[in-house]
Amino acid sequence: MSAKNTDMSKIKQVMRMMLQRNGGKRPSNREIARTVGLYKGTVNDYVHRIESDPLPVEELLELDDPVLERRLCAGNAAYSDERLDHLLEKMEYYHSEMKRPHMTLQLLYEEYRTSAPKPYSYSQFCFHYAQHAKASTPPSVVLTEHREGGRGMMVDFAGDKLHITDIETGGKRPVELFVATLPASDYPFAMAVESQSVEDFILGCRSALEAYGGVPLTVTTDNLKAAVIRSDRYQPEVNKVFEDFCNHYGMVHTPARAYKPKDKALVENHVRLLYNRIYAALRDRVFFSLDELNDAISDLLERHRQKRMRQYDVTRQERFLAIDRPALKRLPPLPFEIKCYAEYMVQLNSHIQLGQDKRYYSMPYGLIGKKVKVIYTPTVLTAYYGGVPVATHSRAGTERYVTQPGHLPSYYGDYQKRSPERYTASAYGLSQSLGQVMERMFSSNPLAPPETFYKSADGLLHLARTTDNDLMDQACSAALTYGQCTYAFVKRVISSKAEGLKARQDEETPAPSHSNIRGKEYYTERFY
C-alpha cells in the first residue's frame with residue numbers, strides 16, 4: 001500500500017460494500033476494488049484491517065473520518081514485493097509478445113530471468129501471467145441485466161435548459177433539470193435547480209431520496225464535476241463532498257464509465273421522455289421563480305408516473321410501490337450537510353481562524369503551535385488532533401471570536417474581566433498612595449474609554465511589585481502632589497531614586513524668620 005493513507009470516505013465505501021449480501025455472500029475484494037476505484041491490493045489491506053478491528057463494521061461507519069483513520073492507519077509502514085513490482089511492470093509487454101507467431105512462455109521466461117535481479121520460478125511466472133491475461137480478457141457473453149428492487153438509483157442532468165423570467169426586466173435565466181430514476185421500477189424524479197454545482201447536485205440527490213422515502217444501495221452518476229473530479233475508465237477520482245453524501249445515506253457510488261451512456265441508460269431514456277412530457281407541455285408557459293417552475297414540473301411528473309406502461313401494462317407508480325419501495329433502506333434521521341475539510345495551526349491566542357467566514361474558534365491551549373484537522377458544515381465546526389475530537393463549535397452567530405472558557409489558560413479569565421474598579425482595588429491592596437494614583441489616572445479623562453489606561457495600570461502594578469515600598473510611596477506621593485498620576489511620571493521618579501524630587505524640595509524650603517527681614521507688608525505700605 002502507498003505510504004499515503006487512502007481517504008477515509010472511500011474506505012467507508014469499501015465497508016458499505018462489505019455489508020452488502022447477494023445470495024448470502026458479500027462482494028469479493030476484486031469486485032469492491034473495481035466498484036470504488038481502488039487497487040485490489042489496497043482493498044485487501046484495508047479489508048484485513050477492518051476485519052481485525054474489535055469494532056464491527058457498522059460501528060466503524062459511524063466514526064468521523066479522522067477517528068477512523070487513527071484506528072485503521074495507526075502506522076504508515078509499507079511493504080512491497082520488489083520482485084512482483086518488477087514483473088508487473090513488464091507484464092503488458094509479455095502479454096503483447098505472446099500474440100506474436102511462434103512465441104512461447106518458456107522463451108519469455110528465459111528473457112525475464114536474465115533481466116530480473118531475483119527472478120521468480122517458471123511456475124510462478126506462468127501463474128502471474130495467467131492472472132494478468134484473465135484480468136485483461138473482456139467477458140465473451142453479455143447477460144441480460146437483472147434489476148433488483150431498491151438496489152440502485154441513476155441520476156443525471158438534462159442537456160436542454162428550462163428558463164426563469166425576471167419579473168422586472170423580462171430577461172430569461174436558464175436553469176438545469178435534475179433527473180433521477182430507480183432502474184427496477186423505472187420510477188422517475190425530476191426538479192429544476194440553479195446550476196450543476198456541487199450544492200445543487202447534492203440538493204437534487206437529497207430531494208430524490210426524500211421523494212422516494214428511502215435509500216437504495218448504490219447511486220450511478222455521470223462524470224460531471226459535482227460527482228467525479230477526474231474521470232478515468234478504471235479509477236475515477238470521486239468528489240469528496242459527494243462521497244460524504246453517499247456515506248451519510250449509506251449508499252455506494254458507482255460512476256459511469258466515460259463516454260458510456262449505456263451504463264445509465266434508463267436515466268438517459270427518462271431524460272428523453274421528460275423532454276416530451278414536461279418540456280413540450282411547458283413550452284408556452286412563463287415562470288418567475290424556481291418554486292413556481294418546480295410546482296408545474298411536479299404536477300406533470302405525477303401524470304407521467306401514473307401513465308400505464310405498454311410493456312408491463314401497469315404504471316410506474318404501481319411498480320415502484322411493489323418492487324422498489326419495500327426494498328429501500330430507511331432515511332437517516334438528519335438530512336445531509338456538506339462537509340468541508342481543512343487543517344489549521346492553533347495561534348498564540350489559542351484560536352484558529354476559519355477563512356470561510358473570517359471568524360476565530362478556540363482550541364485547548366495545550367495545542368498552541370500545533371496543527372489540527374477541521375471538519376465543518378454550515379452549522380457545526382469540529383476539530384481533531386491525533387484522530388481525537390478536541391473542540392466543537394456552533395457556527396451560528398456573528399461574533400468574531402467564538403470561545404469556550406475551558407480552552408483558555410487560567411490567567412485569561414482575569415485578563416478578560418479587567419475594569420477600573422478591579423485595578424483600583426488591586427492598587428489599594430498594595431498601598432494607599434498607589435490606590436489614589438490609580439483612581440486619579442482613570443478619572444483624568446472622562447471622555448476616554450477605560451481600556452486606554454489598562455496598560456498603564458498594568459505598569460503601575462508591576463512597579464509596585466518590583467520596587468522598594470518607601471521609594472514607591474515617595475513616587476506616588478509626588479504624582480499626587482504635582483498632579484502627574486501617570487505611569488511615565490512614577491517610573492521616572494523611581495528610576496532617579498527620587499533625586500530630582502529631593503532637589504526640588506530643597507529649592508522650595510522657606511527662608512528662616514529674622515528681625516532684619518522686613519517682609520511684604522513693609523513694601524505694601526510704602527508703595528501703595
_Parallel, tilted or perpendicular: which one describes the rings of H351 and Y360, with boundaries at 30° and 60°?_
perpendicular
*With sequence neighbours excluded, tell me which residues meet side chain to side chain contact (heavy atoms under 4.5 Å, CB included) with T466.*
H462
*Which atom names give the shortest non-hydrogen contact between G435 and T424, and what distance separates them?*
O-CG2, 4.2 Å
*Verify whether one side chain among D200 and S195 offers a donor that lies under 3.5 Å from an acceptor in the other.*
yes
_Donor-acceptor pair, distance only, cut-off 3.5 Å: does the side chain of R359 make one with the backbone of E399?_
yes
*Could you tell me whether the side chain of S456 reaches within less than 4.5 Å of the side chain of M441, counting heavy atoms only?*
yes
*Should S362 and H393 be marked as a side chain to side chain contact (heavy atoms under 4.5 Å, CB included) after you check the CA-CA gap, both sets of side-chain angles, and the distance that decides it?*
CA-CA 8 Å; S362 66; H393 293 281; 3.2 Å; yes
_D45/R49 salt bridge by N-O under 4.0 Å criterion_ = yes
*Flag yes if more than 12 heavy atoms outside H163 fall under 6.0 Å of its NE2 atom; otherwise flag no.*
yes
*Taking the six-membered ring for Trp, are F245 and F242 parallel (under 30°), tilted (30 to 60°) or perpendicular (over 60°)?*
parallel
*asked:* Using a 3.5 Å distance criterion without hydrogens, assess whether the side chain of Q13 forms a donor-acceptor pair with backbone atoms of M251.
replied: yes
*Could you go through the side chain to side chain contact (heavy atoms under 4.5 Å, CB included) check for V346 and K370 one step at a time?*
CA-CA 6 Å; V346 181; K370 299 179 180 178; 5.5 Å; no
*Determine, step by step, whether V374 and E343 satisfy the side chain to side chain contact (heavy atoms under 4.5 Å, CB included) criterion, reporting the C-alpha distance in whole Å, the side-chain angles of both residues, the deciding distance to 0.1 Å, and the verdict.*
CA-CA 6 Å; V374 174; E343 192 172 23; over 6 Å; no
*Test item: F189 and F178 side chains (from C-beta on) under 4.5 Å apart, heavy atoms*: yes
*Within the side chain of S350, is there an N or O that forms a donor-acceptor pair under 3.5 Å with the backbone of M363?*
yes
*Say whether, by atom type as modelled, one donor and one acceptor occur between the side chain of T467 and the main chain of A464 under 3.5 angstrom.*
no
*asked:* To the closest 0.5 Å, what do you measure between CD (E62) and NZ (K12)?
replied: 8.0 Å
*Mind checking the OG1-NE2 spacing from T218 to H253? Nearest 0.5 Å is all I need.*
10.0 Å
_Short side-chain to backbone donor-acceptor contact, R395 and T377, under 3.5 Å_ = yes
*asked:* How about OH on Y428, more than 12 heavy atoms from neighbouring residues, nucleotides or ligands closer than 6.0 Å, or not?
replied: yes
*Do any N or O atoms from the side chain of N294 and from the backbone of M191 form a donor-acceptor pair under 3.5 angstrom?*
no
*asked:* For Y212 and Y187, take the angle between the two ring planes, folded into 0 to 90°, and tell me which bin it lands in: parallel under 30, tilted 30 to 60, perpendicular over 60.
replied: tilted
*Is the shortest distance from a Lys or Arg side-chain nitrogen in R173 or D166 to a carboxylate oxygen in the other one below 4.0 Å?*
no
_K371 atom NZ, neighbour heavy-atom count above 12 within 6.0 Å_ = no
*Within a strict 4.5 Å, meaning less than it, do heavy atoms of the L301 and L274 side chains meet?*
yes
*Over 60° means perpendicular and under 30° means parallel, so classify the ring planes of F157 and F201, tilted if in between.*
tilted
*Are any side-chain N or O atoms of R26 and backbone N or O atoms of Q20, one a donor and one an acceptor, separated by less than 3.5 Å?*
no
*Could you walk me through whether S9 and N247 pass the side chain to side chain donor-acceptor pair (under 3.5 Å) test, one step at a time?*
CA-CA 7 Å; S9 60; N247 287 328; 4.9 Å; no
*Approximate separation, where rounding is to 0.5 Å, of L328 CG and L182 CG*: 6.0 Å
_Heavy-atom check, side chain of S394 versus side chain of L381, under 4.5 Å_ = no
*Evaluate the side-chain proximity of H248 to D244: yes if any heavy-atom separation is below 4.5 Å, no if none is.*
no
*Minimum heavy-atom distance between V380 and T382, given as atom pair plus value*: CG1-OG1, 3.9 Å
*Q404 versus H407, side-chain donor and acceptor atoms under 3.5 Å*: yes
_Between Y423 and D458, is the side chain to side chain donor-acceptor pair (under 3.5 Å) condition met? List the steps._
CA-CA 8 Å; Y423 277 114; D458 287 331; 2.8 Å; yes
*Over all heavy atoms of both residues, which pair between K358 and Q353 is shortest? Give the atoms and the distance, please.*
CA-NE2, 4.4 Å
*Interatomic distance, C246 atom SG to E243 atom CD [nearest 0.5 angstrom]*: 7.5 Å
*Are T220 and V155 close enough that some pair of their side-chain heavy atoms sits under 4.5 Å apart?*
no
_For G149 versus A327, what's the shortest heavy-atom pair and its separation?_
O-CB, 3.1 Å
*List the atom of M345, the atom of G369, and the distance in Å for their closest heavy-atom pair.*
SD-O, 2.9 Å
*From E194 CD over to E199 CD, what is the distance, rounded to the nearest 0.5 angstrom?*
12.0 Å
*Check whether more than 12 heavy atoms from other residues, nucleotides or ligands sit under 6.0 Å from atom CZ of R330, and answer yes or no.*
no
*Do L217 and K329 have side-chain heavy atoms sitting under 4.5 Å apart?*
yes
_I'd like to know if the side chain of E89 reaches the main chain of H86, judged simply by a donor and an acceptor atom lying under 3.5 Å from each other, with no hydrogens or angles considered._
no
*Does V43 offer a backbone N or O that forms a donor-acceptor pair with the side chain of N29 under 3.5 Å?*
no
*asked:* Run K172 and I164 through side chain to side chain contact (heavy atoms under 4.5 Å, CB included) and show every step you take.
replied: CA-CA 6 Å; K172 290 187 176 183; I164 301 294; over 6 Å; no
*Are any non-hydrogen side-chain atoms of V193 and V175 less than 4.5 angstrom apart?*
no
*Between Y376 and L354, is there a donor-acceptor pair closer than 3.5 Å when you use the side chain of the first and the backbone of the second?*
no
*For the atom pair CE (M15) and CG (L61), what is the distance rounded to the nearest 0.5 Å?*
4.5 Å
_How close do I323 and A184 get, counting heavy atoms only, and between which atoms?_
CG2-CB, 3.8 Å
